[in-house]
Number of protein chains: 2
Amino acid sequence: METGIANLLGALSLAVMDRIEQGAREVIGRGGETPAALVVIGYGQGMTNDKLRRILGLSHSGTVRLVDRLVSDRLVERRPGKDGREIALYLTATGAAARNDLMASRLSAVASLLDVLSPAETKRLGTLLHELLARQDTSELDRFTICRRCDDRVCTNCPLPTNKGKRDR
Amino acid sequence: METGIANLLGALSLAVMDRIEQGAREVIGRGGETPAALVVIGYGQGMTNDKLRRILGLSHSGTVRLVDRLVSDRLVERRPGKDGREIALYLTATGAAARNDLMASRLSAVASLLDVLSPAETKRLGTLLHELLARQDTSELDRFTICRRCDDRVCTNCPLPTNKGKRDR
DNA sequence: CCAAATATGTGCGTAGCGCACATATTTGGT
DNA sequence: ACCAAATATGTGCGCTACGCACATATTTGG
């Protein structure tokens with residue numbers, strides 16, 4: 001039955017996220033969207049508060065307070081942005097190191113569930129996951145949201161498309 | 001690369017859980033472990049506070065307050081347990097209906113990501129997911145934790161083993 | 001040039017959770 | 001039969017993470 005497979009994917013996803021979040025809390029002592037924020041800020045230099053808000057799916061004030069926490073933890077710095085209204089978020093050296101630890105912890109958590117499969121099975125699963133993600137109808141923002149905890153050191157050529165809403169114009 | 005596949009599974013799991021949690025919040029207006037508690041209480045009649053605590057991975061007081069919320073929402077009732085110390089948690093009629101809505105919303109959320117695959121691909125993915133889960137080294141408690149949001153209407157023969165720590169004795 | 005749009009920050013409140021402590025019941029050893 | 005330890009629940013208090021409403025500063029566009 002198809003719903004049975006959906007149920008299995010739901011169960012596995014829960015197990016995966018449980019382990020990722022537990023690891024993240026051990027690494028930076030924060031939960032919620034805070035670890036994701038650290039990863040996202042590390043993607044591009046000059047992330048703004050507002051872009052971060054949209055990617056994380058938080059309210060504006062929630063994002064401001066999240067950045068407050070990262071700043072008070074000495075992981076992120078607020079600098080003046082190009083536009084006089086914007087701020088530019090930058091990782092400190094400590095923040096960059098924490099971000100690496102965070103992503104390593106995440107990969108290790110997923111691998112601990114994944115390593116029961118043989119290399120051939122893992123490869124088959126990888127192919128299916130790649131196709132599944134590649135066929136999603138995602139905007140550029142959706143892509144950042146889904147990838148908000150992804151490890152850019154290992155995720156070369158992300159399968160997610162970024163052209164939703166860009167056709168027919 | 002193997003870590004690339006772990007990264008993809010991490011990304012998909014995040015997307016799956018985002019959608020499940022959003023749906024759960026729309027259905028019962030609660031987040032965190034509250035939806036899982038409703039599902040778990042519905043599994044067996046007479047769930048105790050302490051068993052629930054272990055399955056959800058919460059503190060004792062957190063569980064008491066969680067049940068307080070479910071009771072004040074008229075979804076759950078506290079009844080005297082077999083043991084004079086225990087309480088027995090039961091779903092109200094409203095609670096049982098909310099639980100069904102919750103599980104349907106979850107399956108629909110997963111299916112919305114899954115339905116880009118062909119039937120053959122879905123079946124292959126199902127086989128791999130089944131194997132992946134079946135080979136985990138899980139205790140009976142681990143199994144309940146991983147399955148704490150599973151739909152018992154569609155998950156006949158759960159692949160997860162329940163014999164960790166029961167060998168060598 | 002000024003209203004609307006954009007971007008950030010703040011006061012205040014809530015949900016969800018943990019720690020430490022209190023209370024009630026049961027179990028087990030003597 | 002007794003009493004200490006174990007088991008199970010409830011409570012006071014505080015914290016983290018978040019949203020809503022409002023305030024402020026800068027830029028854009030007609």
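Being a predicted model, the structure only gives us computed values, none of them experimental. In the text below, chain A, chain B and the rest are named by the order of the sequence lines, each starting its count at 1.
With rounding to whole Å, B:D68 atom CG is found 12 Å from C:dG16 atom P. The separation between A:R53 atom CZ and C:dT6 atom P is 11 Å, rounded to whole Å. When rounded to the nearest whole Å, the span between NE2 of A:H60 and P of D:dC22 equals 14 Å. In this structure, A:D73 atom CG and D:dC15 atom P are separated by 16 Å, rounded to whole Å. Distance B:N49 CG to C:dC17 P: 13 Å, rounded to the nearest Å. For the pair A:K82 NZ and C:dT8 P, the interatomic distance rounds to 14 Å; values are reported in whole Å. Straight-line distance from the CG atom of A:L66 to the P atom of C:dA7: 19 Å, rounded to whole Å. Here the P atom of nucleotide D:dG10 and the CG atom of B:D50 are 11 Å apart, to the nearest Å.
Between the side chain of B:T145 and the backbone N or O of B:I55, at least one donor-acceptor pair lies under 3.5 Å.
Using a 4.0 Å cut-off between a side-chain N of Lys or Arg and a carboxylate O of Asp or Glu, B:E131 and B:R135 qualify as a salt bridge. For B:D142 and B:R54, the salt-bridge test fails: no basic side-chain N is under 4.0 Å from an acidic carboxylate O.
Closest to the B:S59 side chain, of the nucleotides D:dT11, C:dC17, C:dG18, is C:dG18. When each of C:dC19, C:dC17, D:dG10 is scored by its nearest atom to the side-chain atoms of B:V64, the top-ranked nucleotide is D:dG10. Between D:dA8, C:dG11, D:dT26, one nucleotide has an atom nearer to the side chain of B:E86 than all others, and that is D:dA8. Taking only side-chain atoms of A:I87, from C-beta outward, the nucleotide of C:dT10, C:dG18, C:dG9 with the closest atom is C:dG9.
Checked by distance alone, A:R85 brings no side-chain donor or acceptor within 3.5 Å of a matching partner on the base of C:dT8. Between the side chain of A:R65 and the base of C:dG11, a donor-acceptor pair under 3.5 Å is found.
Nucleic acid contact for A:R54: sugar-phosphate only, since backbone atoms but no base atoms lie under 4.0 Å from a heavy atom of the residue. Residue A:R78 is classed as a sugar-phosphate contact, given heavy-atom separations below 4.0 Å to backbone atoms only. No contact: A:R25 has no heavy atom under 4.0 Å from any strand. If you check every strand for non-hydrogen atoms under 4.0 Å, B:G81 touches nothing. Using a 4.0 Å heavy-atom criterion, one finds that B:T48 contacts the sugar-phosphate atoms exclusively.
Closest approach of B:R74 and B:T92 over heavy atoms only: O-OG1, 2.7 Å.
Atom CZ of B:R79 is surrounded by more than 12 heavy atoms from other residues, nucleotides or ligands within 6.0 Å.
Using Watson-Crick or G-U wobble geometry with both donor-acceptor distances under 3.5 Å, D:dT28 finds its partner in C:dA3. Under the Watson-Crick or G-U wobble criterion, with both distances below 3.5 Å, C:dT14 is paired with D:dA17.
Of the residues A:V67, A:L66, A:D68, the one that meets the side chain to side chain contact (heavy atoms under 4.5 Å, CB included) test with A:V64 is A:D68.
Here B:R69 does not reach the OP1 or OP2 of C:dA15: none of its side-chain N or O atoms lies under 4.0 Å away.
Nearest-nucleotide mapping onto DNA chain D: of A:G62 and B:M47, the residue sitting toward the 5' end is B:M47.
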